[in-house]
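Hydrogens, waters and symmetry mates play no part in the numbers below; they use all other heavy atoms, side chains included.
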Amino acid sequence: MEIYYEYIRNCVAGNADMDMPCTCEECYRNSRNVCSCIDCLMKSRKDSCQQSPCENHDFIGDIEYFPPHEDYYTRADAEILYQLKPGGNPNDQKAGAETWCSAFAPDNSYFAWSCGHRLVRLVPWKHKINNNEIEDDEGRQREPPLPVPKEKVIDCGEYVWAVAFGSSVSSKCHRAVNVSFHRFNFGKDLILATGLQSGRIKTWDVSTGGILLYLIDHKEVIRDLQFAPDGSMFLASASRDKTLKVWDLNDDGNMKKTLKGHNGWVYSCSWSPDAKILASVGQNKTVILWDMSDYSMMRKLTGHQNDVVACDFSPDGALLATGSYDTRVILWDPYTGQKIRTFGHMHPAPSFLMMGGANDYWLRALSFSHDGCHVGTLCDDKYVRFWSIYNEEVPVKKAQLVNALCCNYSPDGCCLATGTRDGNVVFYMAPMRVQKLQHLCRLSVRRVLPSTKVDALPIPQKLMGYLKYEN
């Protein structure tokens, strides 16, 4: 890769003794940000590298021409919005250091994060970001703010590995209306579920901090919890006992079904926005899609080369993102099993033999943004990245973050919360922009039409490919 930069330096200095680097497509891709066609290199020599690359070649990233490779890949341009620290006595056995899980309430009222051992802290997130301002931009007095909720601490009695918020109002309603005027009382309807070391699940009333239900059936650690986004109060739990279970909290927490199909630990699960599909990922490269109408297995997705540790659906349900220890994130069409994009965190990508040994680049977590255009990822190479679903070459933004373990987008999509082994939670400003009308139309169409029905539409092939995220 350095041969390209050395060649350009010699061209600028008037020394053409150095041989021309290979201009094949593979070498060009490996050079990343240097257009290596002969015309561009000759033009660079003639005009002292003031010309931009030719229009016939891709130029990746909005950066200066021929930047130093090291500066480009170690830049940190994602801004920190806020940071939480565990506090308390470090010798207290109830609170440890690692933050393995975190979650936002659907109405953005609270943020919950585990503190390594027994404690879960509830922070009034809405008041944190609003700062309780009582004057508008013109200095006029607003109505006095509501009393600031206090931070709450829940002692779960044993190590906490997963947390999730649930409400009797669907997540679509949370984002579509002003919750202050909703007919539901969120203080009573908001529930926190905690997955514990013993395989048990405790659910809590957020308003009072009291325990509601005690769900017992798993035999190993609960690695993930997810409430159905349609407000049905169905709770999916993923465990190291190789199973998933679906619980109905409206029916006194009775277990609806046990899903068996994994041959190793189940690391994570995710509901589709319409709650008709449940995705689960785990050891031995396993990605499984479940039909929740009859609790049957729809299909297995094959493509990863190591344990798959994270998954999340796009807001329209048309894409499923899965992240693996093989350092890759794959975007799938869940209805056809087709690969749409692949985001690599190690360049060049590890060989097949090294897929299980790239420890410094193991991917830990991912989260899909609520605009449907970005995916946030955490990796052991000490970076948090924001990827655009349209560009699999270079992340939109990135920042340094050591020992990251989990991440979640806020319900309004403005920030990404990241938990670390130190017990801290760092909130990064997420890339946001006003979406094009065609993208908003695609979101509306794909919320109601799966890929199989899109194929049956009497529309041009190019438009069909756009609706299926293929182009």
Side-chain angles (χ1 to χ4, degrees), residues 170-172 224 226-230 232 234 236 238 244 246 257 259-262 266-282 285-304 308-324 328-343 366-375 387-390 392 435 438-471:
S170 70
S171 58
K172 293 181 181 179
D224 196 15
Q226 294 291 334
F227 276 95
D230 59 355
S232 62
F234 276 25
L244 297 103
V246 181
K257 192 69 175 180
L259 305 179
K260 299 180 179 179
H262 288 267
V266 187
Y267 282 109
S268 181
C269 60
S270 178
W271 294 86
S272 63
D274 57 7
K276 294 181 179 179
I277 300 176
L278 181 68
S280 61
V281 298
K285 318 171 191 177
T286 309
V287 181
I288 299 179
L289 297 176
W290 307 88
D291 186 347
M292 300 311 291
S293 62
D294 57 2
Y295 303 104
S296 62
M297 184 186 299
M298 292 176 57
R299 64 176 50 87
K300 288 186 177 182
L301 304 180
T302 57
H304 284 293
V308 190
V309 296
C311 62
D312 198 10
F313 276 95
S314 62
D316 59 358
L319 297 173
L320 172 68
T322 60
S324 168
R328 296 182 302 165
V329 170
I330 298 179
L331 292 186
W332 310 83
D333 185 330
Y335 299 97
T336 63
Q338 177 184 355
K339 289 183 184 179
I340 305 297
R341 305 275 189 279
T342 300
F343 305 113
L366 64 82
S367 182
F368 228 116
S369 68
H370 298 296
D371 63 2
C373 290
H374 298 93
V375 178
W387 300 87
S388 168
I389 64 171
Y390 305 110
E392 57 187 334
Q435 299 301 326
Q438 60 195 39
H439 174 70
L440 299 178
C441 292
R442 177 171 58 182
L443 289 176
S444 300
V445 171
R446 292 310 310 270
R447 282 191 176 99
V448 295
L449 291 182
S451 300
T452 52
K453 292 186 178 180
V454 172
D455 290 334
L457 295 176
I459 57 177
Q461 191 67 30
K462 187 174 182 180
L463 179 57
M464 184 178 298
Y466 179 77
L467 289 176
K468 296 172 66 176
Y469 291 89
E470 295 176 356
N471 53 34

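- Few gaps surround NZ on Lys339; more than 12 heavy atoms of other groups in view lie less than 6.0 Å from it.
- With sequence neighbours excluded, the residues satisfying side-chain contact (heavy atoms from CB on, under 4.5 Å) with Ile459 are Leu457, Leu463, Met464, Leu467.
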Exercise. Walk me through it: do Val454 and Arg446 pass the test side chain to side chain contact (heavy atoms under 4.5 Å, CB included)?
Key: CA-CA 8 Å; Val454 172; Arg446 292 310 310 270; 4.0 Å; yes
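- Side chain of Asp224 to main chain of Ala238: no donor-acceptor pair is present (N/O by atom type, distance under 3.5 Å, no hydrogens or angles).
- Side-chain contact between Phe368 and Leu319 is present, with at least one heavy-atom pair separated by less than 4.5 Å.
- Put simply, the side chain of Ile277 reaches to within 4.5 Å of the side chain of Tyr335, judged on heavy atoms.
- When all heavy atoms of Lys260 and Met297 are compared, the pair lying nearest together is O-CE, 4.4 Å.
- Once rounded to the nearest 0.5 Å, the distance linking CG of Leu259 with CG of Leu278 reads 6.5 Å.
- Under the ring-ring contact (aromatic ring centres under 6.0 Å, His included) criterion, Trp290 pairs with no residue at all, not counting sequence neighbours.
- Sparse packing is recorded around CD of Gln461, with 12 or fewer heavy atoms of other residues, nucleotides or ligands lying under 6.0 Å away.
- Between the side chains of Thr322 and Arg328, no donor-acceptor pair of N or O atoms lies under 3.5 Å.
- When the ring-ring contact (aromatic ring centres under 6.0 Å, His included) test is applied to Tyr267, no partner is found at least two apart in sequence or on another chain.
- Residues Phe234 and Gln226 form no side-chain contact, since every pair of their non-hydrogen atoms from C-beta on lies 4.5 Å or further apart.
- Take Asp455 and apply the salt bridge (Lys or Arg N to Asp or Glu O under 4.0 Å) test, not counting sequence neighbours, and it matches Lys468.
- Between Ser314 and Asp316, the closest heavy-atom pair is OG-OD1, 2.7 Å.
- When the side-chain contact (heavy atoms from CB on, under 4.5 Å) test is applied to Ser324, the partners found at least two apart in sequence or on another chain are His304, Asn306, Val308, Asp326.
- Remark: the backbone N or O of Ile288 is not paired with any side-chain donor or acceptor of His262 at under 3.5 angstrom.
- For residues 286-303, there are no salt bridge (charged side-chain N to carboxylate O under 4.0 Å, His left out) pairs, not counting sequence neighbours.
- Here the straight-line distance linking atom NZ of Lys276 with atom CG of Asp230 works out to 10.5 Å at 0.5 Å rounding.
- Cation-pi check for Arg442 over Tyr469 is met; the charged atom lies under 6.0 angstrom from the ring centroid and within 45 degrees of its normal.
- Note that the OG atom of Ser280 and the CG atom of Leu244 stand 4.5 Å from one another [nearest 0.5 Å].
- Panel note: side chain Arg341, backbone Glu392; no donor-acceptor pair is recorded below 3.5 Å.
- Side-chain atoms of Leu289 and Leu320, non-hydrogen and from C-beta on, do get closer than 4.5 Å to each other.
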Quiz item: Can you check side chain to side chain contact (heavy atoms under 4.5 Å, CB included) on Gln435 and Leu443, steps first, answer last?
Solution: CA-CA 11 Å; Gln435 299 301 326; Leu443 289 176; over 6 Å; no
